[in-house]
Amino acid sequence: MLMSLAMLMWETGVRPRRLRTIWYQIVAIIIGLSHSASLHLSLAVPPSTEDTSTFADATEESAIRFVHNSPFTPDRHTHLAFGSGIGWVDFDQDDLPDLYAAQGVPFETERSPNSESVTDCLYRNLGEGQFEDVSKVCGLNDNDYSMGLAVGDFDNDGFQDIYVTNFGLNRLLNNNGDGTFTEIAPASGVADAGFGASCTWVDLDDDGSLDLFVANYVKLDLNHYDLCTVERNGKRYGVTCHPRSLSPERDVLFRSHGDGGFSDETERAGMLRSPAAQGLGVVAADFDADGDIDVYVANDSVANDLWLNQADGQLSNEAIPSGTAFNRAGQREACMGVVVGDVDGDGLPDLFVTNYYGETNTLYRNEAAGFFLDVTDEFGLASPSRLKLGFGTSLFDFDNDGWLDLFVANGHVHDRSEILGQNETFAQRPQLFQNQGGRRFTEVSDSGGQYFQRHVVGRSCAVADYDRDGWQDLAIGHLNSSLVLLHNEAGDPQMKSLRIQLVGVRSNRDAIGAVVEVHIGEQHLTRFRTGSSGYLSCDEGCLTIGLGTSGTSADVTVSWPGGESQTFRSLQTGRPHVLIEGRQNVQ
């Protein structure tokens with residue numbers, strides 16, 4: 001039969017080189033069929049018509065009605081293109097994650113204090129997938145352009161607080177414990193006036209009090225605002241400025257005094273030894289496994305920063321020797337968001353960074369001892385990202401198989417077709433990637449649900465199991481458009497998960513910086529409790545850890561911030577656990 005097929009192709013004009021290629025393909029198919037009974041069966045069985053989408057858009061039924069407000073000006077003022085963050089915060093301590101959405105504001109409104117105000121919004125989780133807007137009740141009334149946010153109980157009083165970076169003075173919203181917040185940034189010493197982007201809570205000196213790291217972008221304010229233009233076909237257009245055409249704003253480190261006050265320790269920590277850079281994304285973890293927390297900053301179009309903690313109050317920028325300053329070709333990239341997680345199951349924190357259109361996103365695999373390797377291409381993430389402009393990103397186990405999967409929110413910064421190249425678009429499709437056993441990622445956007453078929457201007461994203469069904473869900477912020485809440489519909493009853501709430505005692509109460517190791521059957525999983533995630537955003541503090549089909553109980557070892565290690569035995573899957581530092585009884 002094969003010889004007859006070959007003769008037929010020759011007679012119809014298929015010549016030797018093409019014939020040889022087709023012949024190899026035929027042989028490969030035959031070999032594949034002989035080694036895969038499942039493939040043989042799939043050819044014989046009609047495809048199922050059942051909807052198997054991973055995520056369903058639950059925005060409408062949730063009653064979340066947040067619309068980001070950032071209309072472009074004719075001059076295309078730069079900060080209006082960057083969007084705002086979102087974060088999950090259990091502000092009322094009812095074990096249901098609430099959703100905070102940072103708000104933009106039209107450029108004219110920023111100049112006119114008498115204009116109708118738009119503010120950040122807080123949606124209280126009512127349970128069963130329902131939310132209500134409690135922004136006014138909680139006292140949110142700032143009308144600056146909000147950028148990034150980080151959630152952390154900085155005063156260790158049991159109620160999570162929120163730090164918000166602005167195009168303008170940053171804010172520290174102190175949770176009063178009665179459902180309201182008080183803005184205390186000036187009084188606490190953290191009202192930084194730079195063009196703030198992402199920020200993170202992190203205990204750098206292991207004193208049990210959370211410090212604050214703010215990634216600033218460029219030197220722009222209402223009174224000193226550089227505008228940029230380009231010429232196309234004899235006509236000039238206002239455009240979002242290239243980051244290297246603007247002066248960078250230095251990142252800032254605020255150290256906690258432990259009494260609610262902070263001091264600017266940027267110079268004392270040695271951060272002035274590195275040049276200022278256009279920072280957008282930031283994440284903190286113990287990247288060199290020496291027992292203290294380090295900080296990584298994703299910079300826009302310049303070298304990234306990896307601030308390794310020297311345990312003497314000093315930070316040393318080791319991005320270049322570590323291999324995380326540039327991509328594997330030694331090229332600087334226009335980085336937006338960054339997320340940390342163990343993607344290959346070796347227990348070490350890897351880094352994934354989103355980048356500009358025409359570049360690829362970058363996966364830096366941790367090779368131990370503070371060294372990283374760019375394995376973007378080997379993990380199948382290069383080609384799918386080259387013609388996208390990535391902003392927000394999340395590493396989370398959407399199918400509960402024990403391996404961290406990946407989401408990327410895409411969208412351009414230029415909206416004019418005259419500026420964009422051929423097939424280059426402002427709105428772009430988001431992407432979902434499934435982890436194939438720690439060896440490679442496969443794009444599964446087409447089966448992700450209707451949202452993944454839409455072209456949107458994606459910016460921020462944050463993960464939480466908001467309905468407490470054991471499956472992680474996703475909130476996504478869009479530039480000048482509606483926030484979307486995606487409910488995880490994977491729901492395979494054979495796939496188990498473990499929900500863990502960490503409570504620090506000697507360490508900071510939120511246990512930010514802790515490392516959680518789960519042993520169940522043959523699996524050994526590692527997860528990191530961080531104080532920020534992705535781009536301008538913050539995931540839920542409670543950890544939902546997928547376990548696959550392994551047993552019904554797991555042993556969990558927590559390495560608390562500061563170095564103490566504690567093992568909790570036989571935690572039952574499918575239920576929540578509160579692990580308190582220094583106590584063996586599990587709540």
Side-chain angles (χ1 to χ4, degrees), residues 53-64 86-101 122-134 151 153 158-160 179 394-402 404-405 407 449 461-476 483-503 510-511 514 516 518 520 525 527 529-530 533 537-550 552-554 556 558 568 571-580 586-587:
S53 297
T54 305
F55 291 93
D57 190 334
T59 314
E60 184 69 25
E61 65 189 57
S62 73
I64 292 175
I86 52 180
W88 293 98
V89 49
D90 185 7
F91 82 98
D92 51 3
Q93 283 294 296
D94 64 352
D95 192 39
L96 291 173
D98 312 297
L99 185 60
Y100 189 101
L122 179 59
Y123 290 90
R124 180 170 177 260
N125 192 335
L126 302 177
E128 299 183 354
Q130 299 295 302
F131 291 78
E132 67 172 343
D133 188 343
V134 294
V151 174
D153 183 4
F159 293 92
Q160 291 184 315
S394 296
L395 276 171
F396 69 119
D397 186 2
F398 73 76
D399 52 5
N400 278 350
D401 68 348
L404 291 176
D405 308 301
F407 170 81
C461 57
V463 172
D465 176 12
Y466 73 82
D467 58 351
R468 296 304 189 225
D469 64 353
W471 298 83
Q472 290 178 289
D473 311 299
L474 190 63
I476 308 156
L483 183 148
V484 169
L485 181 65
L486 295 183
H487 181 256
N488 192 332
E489 302 280 312
D492 184 344
Q494 296 184 12
M495 293 295 187
K496 302 176 178 65
S497 65
L498 191 68
R499 179 153 61 89
I500 295 175
Q501 180 73 49
L502 301 175
V503 179
D510 277 346
V516 176
V518 179
I520 182 168
L525 309 175
R527 299 293 182 262
R529 172 67 167 101
T530 61
S533 181
S537 298
C538 193
D539 293 338
E540 176 187 12
C542 187
L543 300 176
T544 299
I545 303 173
L547 303 173
T549 58
S550 301
T552 59
S553 66
V556 174
V558 180
F568 300 85
L571 302 188
Q572 296 300 304
T573 61
R575 52 160 294 188
H577 300 278
V578 179
L579 308 185
I580 302 175
V586 178
Q587 297 186 5

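Computation of the quantities below employed the complete heavy-atom set of this structure, encompassing side-chain atoms and omitting hydrogens, waters and symmetry-equivalent molecules.
Closest heavy-atom contact between Asn125 and Pro97: ND2-O, 3.0 Å. Among all heavy-atom pairs drawn from Asn400 and Gly546, the shortest one is OD1-CA, 3.6 Å. A pairwise comparison of heavy atoms in Ser550 and Lys496 identifies O-CD, 3.4 Å as the closest pair. Closest heavy-atom contact between Ala101 and Leu483: CB-CD1, 4.1 Å. Closest approach of Phe131 to Ala63, counting heavy atoms only: O-CB, 3.5 Å.
Among residues two or more places apart in sequence or in another chain, the salt bridge (charged side-chain N to carboxylate O under 4.0 Å, His left out) test is passed with Glu132 by Arg124. The side chain to side chain donor-acceptor pair (under 3.5 Å) test applied to Thr573 returns no partner, not counting sequence neighbours. Looking at residues two or more places apart in sequence or on another chain, you find a side chain to side chain donor-acceptor pair (under 3.5 Å) between Glu60 and Arg65. The side chain to side chain donor-acceptor pair (under 3.5 Å) check on Gln472 picks up nothing, with sequence neighbours excluded. Residues satisfying the side chain to side chain donor-acceptor pair (under 3.5 Å) criterion with Asp90, sequence neighbours excluded, are absent altogether. By the salt bridge (charged side-chain N to carboxylate O under 4.0 Å, His left out) test, Asp133 pairs with no residue at all, sequence neighbours left out.
Taken from CG in Leu579 to CZ in Phe568, the straight-line distance is 4.5 Å, to the nearest 0.5 Å. A distance of 5.5 Å separates CG of Leu502 from CG of Leu543, quoted to the nearest 0.5 Å. Here Gln501 contributes atom CD and Glu540 contributes atom CD; the two are 7.5 Å apart, rounded to the nearest 0.5 Å. The distance from atom CG of Asp92 to atom CG of Leu122, rounded to the nearest 0.5 Å, is 8.5 Å. Residue Asp510 holds its CG atom at 11.5 Å from OG1 of Thr530, rounded to the nearest 0.5 Å. Separating the CZ atom in Arg529 from the SG atom in Cys542 is a distance of 9.0 Å, to the nearest 0.5 Å.
Panel note: side chain Asp473, backbone Asn488; a donor-acceptor pair is recorded below 3.5 Å. Looking at Arg499, its side chain never comes within 3.5 Å of a backbone N or O of Gly470 through a donor-acceptor pair. Listed for the Gln130 side chain is a donor-acceptor partner under 3.5 Å among the backbone atoms of Glu61. Of the possible polar contacts, one joining the Ser537 side chain to the Ile86 backbone as a donor-acceptor pair under 3.5 Å is found. With Arg468 contributing its side chain and Asp95 its backbone, the two residues share a donor-acceptor pair below 3.5 Å. With Ser394 contributing its side chain and Phe396 its backbone, the two residues share no donor-acceptor pair below 3.5 Å. Side chain of Asp467 to backbone of Gly129: no donor-acceptor contact under 3.5 angstrom is found.
With contacts defined as side-chain heavy-atom distances shorter than 4.5 Å, the pair Asp57/Leu485 does not qualify. Using a 4.5 Å cut-off on side-chain heavy atoms (C-beta onward), Val518 and Arg527 make no contact. Two residues are said to be in side-chain contact when any heavy atoms from C-beta on lie closer than 4.5 Å; Thr544 and Val463 fail this criterion. Looking at Val134 and Tyr123, their side chains never come closer than 4.5 Å, going by heavy atoms from C-beta outward. For the pair Trp88/Leu99, a side-chain contact is recorded, criterion being any heavy-atom separation below 4.5 Å from C-beta on. Put simply, the side chain of Ile545 does not reach to within 4.5 Å of the side chain of Asp397, judged on heavy atoms. Looking at Leu498 and His577, their side chains come closer than 4.5 Å, going by heavy atoms from C-beta outward. When side chains are defined from C-beta on, Val558 does not count as touching Ile500, because their heavy atoms never get closer than 4.5 Å.
Ring-plane geometry between Tyr466 and His487 is classed as perpendicular, the angle between the planes exceeding 60 degrees on a 0 to 90 degree scale with a lower cut at 30.
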Checklist entry - Taking it one step at a time, do Leu525 and Leu547 satisfy side chain to side chain contact (heavy atoms under 4.5 Å, CB included)? => result CA-CA 8 Å; Leu525 309 175; Leu547 303 173; 3.8 Å; yes
Item to check | Candidate pair Val503 and Val578, rule side chain to side chain contact (heavy atoms under 4.5 Å, CB included), full reasoning | outcome: CA-CA 7 Å; Val503 179; Val578 179; 3.8 Å; yes
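Taking the six-membered ring for Trp and the full ring otherwise, Phe407 and Phe398 have centroids separated by 6.0 Å or more.
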